[in-house]
**Q** 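Please read through the structure below; I'll follow up with questions.
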Amino acid sequence: MGSVDYEYPLGMNNVERVHQVEVPPPQPFFKSLKYSLKETFFPDDPLRQFKNKPASKKFMLGLQYFFPIFEWAPRYTFQFFKADLIAGITIASLAIPQGISYAKLANLPPILGLYSSFIPPLIYAMMGSSRDLAVGTVAVGSLLMGSMLSNAVDPNEDPKLYLHLAFTATLFAGVFQAALGLFRLGLIVDFLSHATIVGFMGGAATVVCLQQLKSILGLVHFTHGADIISVMRSVFTQTHEWRWESAVLGFVFIFFLLSTRYFSKKRPRFFWVSAMAPLTSVILGSLLVYFTHAEKHGVEVIGELKKGLNPPSLTNLVFVTPYMTTAVKTGIVVGIISLAEGIAVGRSFAMYKNYNIDGNKEMIAIGTMNVVGSFTSCYLTTGPFSRSAVNYNAGCKTAASNIIMSIAVMLTLLFLTPLFHYTPLVVLSAIIVSAMLGLIDYEAAIHLFKVDKFDFVVCMSAYVGVVFGSVEIGLVIAIAISVLRVLLFIARPRTFVLGNIPNSVIYRNVEHYPNAKHVPGMLILEIDAPIYFANASYLRER
């Protein structure tokens, strides 16, 4: 309602024409209900493509709907393959060190990071609708899973049960995600507003960086708490145990990784420099430890990684109380967060390339790959921004780049895992810190402060809740404030008095346009919400 046309009354000598419109007939209850449900859950009418088609065509369309690979594979060309091959190898060089690092963040064996970069990308390549999303583990999801599961089971005291709980939580996350897509309930994810995600991701990234002080300073005993106060207390009460060798190594590699990222950002043609930097750090760190025997001077190393492909884990799932409750709760929370990140990243790159992705298809694809992953020794996966950005910059054309990455990870699992024996944990911490610093989007927070103060409050509430409380507290606070804002927007809508801009038929807010004139005898209002019971009394008083 940016402008309102006002027709001045006709003169006494003119004949006024009155147009009468009949009241529409009342609609049957079930017809009206059907229309409302369709508008809410099926606004895109997904079944329209099946109308008036033969059975064979319907079957093929249905297959293409759930498995988009059957849609783009027949049109696949050698030029596409060359582009996807380069992109797949590039993201594999990033996925291998990141996968090992993020598994450590979730208190899981490092090999699980490689397992999770092998099977899930293959599933997504068949079912996903995004051409640019590169699938794998994510830092925030790993931290959240590790934090929530550690409250029920200590990973050091009972690592086997903890591992099985991680598989079970991944199963429930996948079931929940796929169910949201099948029943078209993606609107639940929409409650995580941009301001919420910026604050939550920034807070989680801060906490992740602080927790890496354990490996960077070479500390053996460290707090299980995720808040800043617990971490700082743990760091500064053990100053006598700090290892300068580990600290120097850590800060050198952090500087190296940040420098390569800055260089690639300034010169986009050299995107591969920052993409290869984590793997280069792992190789250099391993060689340094091997030749200097730094593991004997307080620098911890990964140790032996099991060679071979993913073992089955279906029989390891835990369905007994009280652990099942923890797995369900963890699965739902990390499932929502990973969905929000994956879909947001997919939509961002789809917008750059001017194509659309189906949010419900993405939920089904991400959910299915997590369900299958839980059966094959994988934990939570989605589409991380850093890996997808590298995939996009490397010139990927289709989801086949995920298949190339999976093949590279498979070869690593089969032949190269012994080479990671001397990889120092401090290098993995440096990789995590450099990746997390990119998630602290202070520019977006400043923009929110300038544009919408309430959104800025939501953002900072999420950040403070995560940093000073816990990841779960920050998430609850952010969602609660976002929902409160929606309710306030509906129950107390902004209402403006409109006035006429002189010598025009345009009407604008009189607060913003002092030259706008009131129409004598009339009050023209702009109401920023539909009128119904929740705001009827307020509008009447207003």
**Q** Search all heavy atoms of Asn107 against all heavy atoms of Gly146 and return the closest pair with its distance.
**A** ND2-O, 3.9 Å
**Q** Does atom CZ of Phe319 have more than 12 heavy-atom neighbours, drawn from other residues, nucleotides or ligands, at distances under 6.0 Å?
**A** yes
**Q** How long is the straight-line distance from CG of Leu309 back to OG1 of Thr376, given to the nearest 0.5 Å?
**A** 10.5 Å
**Q** Can you measure from CH2 (Trp272) to CD1 (Ile86) and round to the nearest 0.5 angstrom?
**A** 12.5 Å
**Q** Would you confirm whether Arg387, through its side chain, and Val135, through its main-chain N or O, come within 3.5 Å as a donor-acceptor pair?
**A** yes
**Q** Does the salt bridge (Lys or Arg N to Asp or Glu O under 4.0 Å) test come out yes or no for Arg485 and Asp452, once each step is laid out?
**A** CA-CA 12 Å; Arg485 178 170 192 186; Asp452 192 323; 2.7 Å; yes
**Q** Near Phe454 CZ, under 6.0 Å, is it more than 12 heavy atoms from other residues, nucleotides or ligands?
**A** yes
**Q** Within a radius of less than 6.0 Å around CZ of Phe271, do more than 12 heavy atoms belonging to other residues, nucleotides or ligands occur?
**A** yes
**Q** Is atom OH of Tyr355 surrounded by more than 12 heavy atoms (other residues, nucleotides or ligands) closer than 6.0 Å?
**A** yes
**Q** Nearest 0.5 angstrom please: Tyr102 OH to Ser117 OG, how far?
**A** 10.5 Å
**Q** Return the CG to CG distance between Leu112 and Leu380, rounded to the nearest 0.5 Å.
**A** 12.0 Å
**Q** More than 12 heavy atoms of other residues, nucleotides or ligands under 6.0 Å from CE of Met126: is that the case?
**A** yes
**Q** According to ring pair (Phe, Tyr, Trp, His ring centres under 6.0 Å), who are the partners of Phe270, at least two apart in sequence or on a separate chain?
**A** Phe263
**Q** Checking the side chain of Ser147 only, and the main-chain atoms of Leu144 only, is there a donor and an acceptor separated by less than 3.5 Å?
**A** no
**Q** When you measure from the side chain of Ser313 to the backbone of Asn316, do you find a donor-acceptor pair of N or O atoms at a distance under 3.5 Å?
**A** no
**Q** Backbone N or O of Thr398 within a donor-acceptor pair of the Asp84 side chain at under 3.5 Å?
**A** yes
**Q** Given Phe176, which partner from the list Ile336, Leu339, Val333 fulfils the side chain to side chain contact (heavy atoms under 4.5 Å, CB included) test?
**A** Ile336
**Q** From Arg131 CZ over to Ser388 OG, what is the distance, rounded to the nearest 0.5 angstrom?
**A** 15.0 Å
**Q** Where does the angle between the aromatic ring planes of Phe385 and Phe349 fall among parallel (under 30°), tilted (30 to 60°) and perpendicular (over 60°)?
**A** parallel
**Q** Would you check, one step at a time, whether the test side chain to side chain contact (heavy atoms under 4.5 Å, CB included) holds for Met148 with Thr326?
**A** CA-CA 8 Å; Met148 296 183 72; Thr326 302; 5.9 Å; no
**Q** Rounded to the nearest 0.5 Å, what separation is found between the OH atom of Tyr162 and the CE atom of Met145?
**A** 8.0 Å
**Q** Over 60° means perpendicular and under 30° means parallel, so tell me whether Phe167 and His164 are parallel, tilted or perpendicular.
**A** parallel
**Q** Given 3.5 Å as the limit, does a donor-acceptor pair link the side chain of Thr381 with the main chain of Ser116, or not?
**A** no
**Q** If you take all heavy atoms of Ala430 and Leu257, which pair is closest and at what distance?
**A** O-CD1, 3.5 Å
**Q** Search all heavy atoms of Ser429 against all heavy atoms of Lys104 and return the closest pair with its distance.
**A** OG-NZ, 3.3 Å
